[in-house]
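These notes concern the structure reproduced below.
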Amino acid sequence: MREMAHLLNLESLTYDEAIKLQLEMASMVSEHDVLESYELFCGVDVAYSNQNAVAVAVIQDKDGRIVEVSKHKCIVRHVYVPGLLFLREAPPMLNAIKGLKSDFDVLLVDGNGRLHPRKFGIACYIGIVLDKPTIGVAKKLLCGQVKRVSGRRVVMLNGDVVGEEVFKNVYVSVGHKISLNTAIEIVKGLTKNGQIPSPILAAHKIANEELGRRG
DNA sequence: GCGACAG
DNA sequence: ATCTTGTCGC
């Protein structure tokens, strides 16, 4: 296995090297539950203003009350490339999370987990780096096709179930150390009116406020 | 070659 | 993601 220091050095990776890293790390992802109950939820998101980025991590309790907020500002290092979002957003997200003093049970990332061309979206990367239960939540379908299975909208890719459209434009997938069903239940429990789960929504709003926008 | 493409 | 006014609908 590679050393963690190498996994964290995304700065100088070429696209080919990044893809190779994804293929290698994809086998490290666990889709098994490691917890039986979840009390504290952390949501992360990144907002931009030209070359400036601000990542925000928010911890909420079961009642949606904010326990802690951590912000991290930096300069954009990579352009956005579909399938390689982690190069651009994982470093700032990890730094924001690193600034948290409190611990949390599960992380919700704005972006896909296994719902990805190589079964390794940004939520998988962050989950493995932190070695924590992580869920990917996206608002658009990156790949695969939605198939209706007994009332549910399952996302299929190459014959595999890689995620589910829990609400309109809300795609959930496994990041790490959690099962898809548990991830879906957690997202459903944290959403209001079919929106993006509360912790991510809060992080999104705070990140934009930090850039002087209205929320 | 053409279209699609998380944020 | 970000740039942006009014407008349609619940």
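All values reported here derive from a predicted model rather than from experimental measurement.
- The main-chain N or O of A/Ala96 is found under 3.5 Å from a side-chain atom of A/Ser70 such that the two form a donor-acceptor pair.
- Contacts of A/Glu68 classified as side chain to side chain donor-acceptor pair (under 3.5 Å), with partners at least two apart in sequence or in another chain: A/Ser102.
- The phosphate of C/dA1 (OP1 or OP2) has a side-chain N or O of A/Lys139 nearer than 4.0 angstrom.
- The shortest side-chain heavy-atom distance between A/Cys143 and A/Leu115 falls under the 4.5 Å cut-off.
- Cluster annotation: A/Leu84 and A/Met25 are assigned to the same hydrophobic cluster (Ile/Leu/Val/Met/Phe/Trp/Tyr, side-chain heavy-atom contacts under 4.5 Å, transitive).
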Using Watson-Crick and G-U wobble pairs with both distances under 3.5 Å, what is the 5'-to-3' dot-bracket string of DNA chain C, with [ ] for crossing pairs and | for pairs outside the strand?
..........
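- Under the rule for a side chain to side chain donor-acceptor pair (under 3.5 Å), the partners of A/Lys139 that lie at least two apart in sequence or sit in another chain are A/Asp110.
- More than 12 heavy atoms of other residues, nucleotides or ligands shown are found within 6.0 angstrom of CG on A/Asp63.
- Note that the first and last nucleotides of DNA chain B, 5' to 3', having any atom under 4.0 angstrom from a heavy atom of chain A are B/dC5 to B/dG7.
- A salt bridge links A/Asp103 with A/Lys132: the distance from a Lys NZ or Arg NE/NH1/NH2 to an Asp or Glu carboxylate oxygen falls below 4.0 Å.
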Kindly express the pairing pattern of DNA chain B in dot-bracket notation, using | wherever a base pairs with another strand and counting only Watson-Crick or G-U pairs under 3.5 Å.
.......
For nucleotides 2-8 of chain C, tabulate all protein N/O to nucleotide N/O atom pairs closer than 3.5 Å, reporting atom names and distance.
residue: C/dT2; atom: OP1; partner: A/Tyr48; partner atom: N; Å: 3.2
residue: C/dT2; atom: OP1; partner: A/Tyr48; partner atom: O; Å: 3.3
residue: C/dT2; atom: OP1; partner: A/Arg213; partner atom: NH1; Å: 2.6

Cut-off 3.5 Å, no hydrogens considered: what does the side-chain donor-acceptor table look like for residues 34-54 of chain A, sequence neighbours left out?
residue: A/Asp45; atom: OD2; partner: A/His204; partner atom: ND1; Å: 2.6
residue: A/Tyr48; atom: OH; partner: A/Arg88; partner atom: NE; Å: 3.4
residue: A/Tyr48; atom: OH; partner: A/Glu89; partner atom: OE2; Å: 2.7

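- Residue contacts for A/Ile122: at a heavy-atom cut-off of 4.0 Å it reaches a base atom on one of the strands shown.
- Atoms OG1 and CD1, on A/Thr14 and A/Ile19 in that order, are 8.5 Å from each other to the nearest 0.5 Å.
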Show every donor-acceptor pair shorter than 3.5 Å between a side-chain atom in residues 166-178 of chain A and any protein atom, with sequence neighbours excluded, or say none if there are none.
residue: A/Tyr171; atom: OH; partner: A/Glu165; partner atom: OE2; Å: 3.3
residue: A/Ser173; atom: OG; partner: A/Gly113; partner atom: N; Å: 2.7
residue: A/His176; atom: ND1; partner: A/Ser30; partner atom: N; Å: 3.0
residue: A/Lys177; atom: NZ; partner: A/Asp131; partner atom: OD1; Å: 2.9
residue: A/Lys177; atom: NZ; partner: A/Asp131; partner atom: OD2; Å: 3.3

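- Taken from CD1 in A/Ile59 to CG in A/Asp105, the straight-line distance is 9.5 Å, to the nearest 0.5 Å.
- Per the geometry, CG belonging to A/Asn52 stands 14 Å off C1' belonging to C/dA1, to the nearest Å.
- Sequence neighbours left out, the pairs with a member in residues 62-113 of chain A that pass ring pair (Phe, Tyr, Trp, His ring centres under 6.0 Å) are A/Phe86-A/Tyr125.
- Take A/Pro91 and apply the side chain to side chain contact (heavy atoms under 4.5 Å, CB included) test, not counting sequence neighbours, and it matches A/Leu10.
- Under a 4.5 Å side-chain heavy-atom criterion applied to ILVMFWY residues, the cluster that includes A/Ile75 comprises that residue alone.
- As judged by a 4.0 angstrom heavy-atom cut-off over every strand, A/Gly83 is placed among the base-contacting residues.
- Contact annotation for A/Leu84: base contact, defined as any heavy-atom pair under 4.0 Å involving a base atom.
- Taking a 4.0 Å limit (strictly below) on heavy-atom distances, residues 91-99 of chain A does not reach DNA chain B anywhere.
- With respect to the salt-bridge test (charged N to carboxylate O, under 4.0 angstrom), the residues A/Asp160 and A/Arg114 do not qualify.
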